[in-house]
Structure formats: structure tokens, C-alpha cells
Amino acid sequence: MKLPYNIYLIGFMGTGKSTVSQYLAKYFAMETVEMDQEIAQREGKSIPEIFAEQGEEYFRNLETKLLVQLEKRENTVVSCGGGTPLRQCNVDIMKRTGKIVLLLADAETILERVKDSHDRPLLENNKSTEFIQSMLDKRMGIYRKAADFVISTDGKKIDEICNELIQKINSK
Ligand code: S3P
């Protein structure tokens with residue numbers, strides 16, 4: 001499979017974007033870019049360090065800059081940061097250059113997946129289903145409006161999620 005466009009995985013933190021992108025890269029011979037990882041590497045700092053030292057706005061500008069650069073690629077699965085679709089200009093770039101796939105998970109599932117990690121500044125000291133649910137409520141309209149396809153990940157294995165994704169993409 002070689003797609004003449006990119007697949008952008010969006011969704012809340014802990015919905016499995018990175019895992020899905022790695023699987024697609026391995027089994028469907030696609031290239032992959034993990035936005036947080038790429039930004040951290042370029043800045044020579046972790047995401048929490050960037051947030052603490054330069055602030056969220058600076059980080060959001062780096063996300064937009066990276067997306068602009070990814071426009072030129074194709075057959076690439078881009079694992080976006082959870083906040084990437086919050087800027088309409090980012091959604092515009094993704095729409096123009098690929099298909100946007102929204103991954104969903106319940107607040108309980110998300111908490112379980114993120115509870116032991118410390119690389120997400122917005123969840124640090126906020127690890128509860130109530131907080132996650134309140135952020136989900138604020139963001140879900142934006143996520144759904146941006147998405148070409150929606151895939152629920154709760155209780156599914158990685159191969160089921162990826163096969164569903166490929167099927168949806170091929171059927172359009
Ligand atoms: C964020 C999600 C994170 C990272 C940053 C902000 C967000 O990415 O970009 O901590 O605003 O939802 P992941 O969704 O890959 O964890």
C-alpha cells in the first residue's frame with residue numbers, strides 16, 4: 001500500500017495514536033512521524049521542559065511549523081499531539097494533505113494508559129477521570145469536526161484498530 005497522501009491520527013492523549021502509527025508503519029510499509037518526539041528532538045528538550053521554559057504557545061507554534069513541513073510528504077502516518085487540531089490552521093493543513101482519523105477512548109481507559117507517565121504537562125498533577133472527562137468534553141466537538149473517520153479503541157486489539165482504519169480509508 002502506498003498512499004498518495006498522509007494519514008493524520010488525532011485524539012486525546014492516551015488514545016493510542018503512537019501505537020497505531022508504529023503498527024501501520026510496520027505492517028503497511030508506511031513512514032511515520034510522531035510529532036511530540038520530532039519536536040523534542042529538534043529542540044533538544046523534553047515536552048515538559050519546553051512547556052516549563054518557553055510556555056504552551058511556543059510549543060503550539062512548533063506544532064504548526066512542523067505540520068507545514070510535513071505537507072510535502074505522502075504515505076506518512078503522522079501521530080499528532082492531542083492539542084494539534086485545536087488550531088484551525090493545523091486542521092486546514094491536515095485536510096489539504098491527507099485524511100484525518102480520530103481515535104477515541106473512555107476517560108477510564110485514558111487514565112489507565114497515562115497514569116504512570118510524566119511526559120504530558122497538561123495532565124501532570126491532574127490524573128483523574130473527572131479532569132480527563134472535562135478536557136474531553138471541551139475538545140470533543142473540535143476533534144469530531146476535524147475528523148474524516150472515527151475509530152473507537154476501547155477493548156480492541158491493535159490489529160483490529162489498524163485493520164478497521166485501513167478498511168475505512170480504502171472504502172472512500
Ligand atoms: C497535548 C498532548 C501531548 C503533547 C502535549 C500537549 C495536548 O501529546 O503534545 O503534552 O494538548 O493534548 P500526546 O497526545 O501524544 O500525548
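Whatever order the structure lists ligands and atoms in, that order sets their numbers, starting from 1.
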Query raised in the report: Hey, which atoms in ligand 1 end up nearer than 4.0 Å to a heavy atom of Gly81?
Result: 8 (O), 9 (O), 14 (O)
Requested in this report: Identify, by atom number and element, the atoms of ligand 1 in contact range of Arg120, meaning under 4.0 Å from any of its heavy atoms.
Outcome: 16 (O)
Requested in this report: Looking only at distances, please establish whether an N/O atom of ligand 1 is found under 3.5 Å from an N/O atom of Gly82.
Outcome: yes
Query - Cation-pi, Phe149 ring and Lys99 (6.0 angstrom, 45 degrees) - result: no
Report task. Using distance alone, determine whether Asp36 and ligand 1 share an N or O pair under 3.5 Å. Result -> yes
Requested in this report: State, with a plain yes or no, whether a side-chain heavy atom of Glu34 is found less than 4.5 Å away from one of Lys17.
Outcome: no
Query - Mode of Arg60 contact toward ligand 1 - side chain, backbone, both, neither (heavy atoms, under 4.0 Å) - result: side chain
Report task. Name the option, out of Glu63, Lys17, Gln37, Arg139, that contains the heavy atom nearest to atom 14 (O) of ligand 1. Result -> Lys17
Query raised in the report: Who passes salt bridge (Lys or Arg N to Asp or Glu O under 4.0 Å) against Glu38, sequence neighbours left out?
Result: Arg42
Query - Test ring-ring contact (aromatic ring centres under 6.0 Å, His included) applied to Tyr143 - qualifying residues, sequence neighbours left out - result: none
Query - Heavy-atom check, side chain of Ile7 versus side chain of Val78, under 4.5 Å - result: no
Report summary line: In Ile151, Thr19, Val20, the residue satisfying side chain to side chain contact (heavy atoms under 4.5 Å, CB included) with Cys162 is Val20
Report task. Under 4.0 Å from a heavy atom of Gly83: give me the atoms of ligand 1 that qualify, with their elements. Result -> 1 (C), 7 (C), 11 (O), 12 (O)
Report task. Mark up the atoms of ligand 1 that fall under 4.0 Å of a heavy atom belonging to Leu122, in ascending order. Result -> 7 (C), 11 (O)
Query - Enumerated ligand 1 atoms positioned under 4.0 Å from heavy atoms of Pro121 - result: 10 (O)
Query - For Phe59, atoms of ligand 1 separated by under 4.0 Å from a heavy atom - result: 9 (O)
Query raised in the report: Any luck finding a side-chain donor-acceptor pair between Arg120 and Ser117 under 3.5 Å?
Result: yes
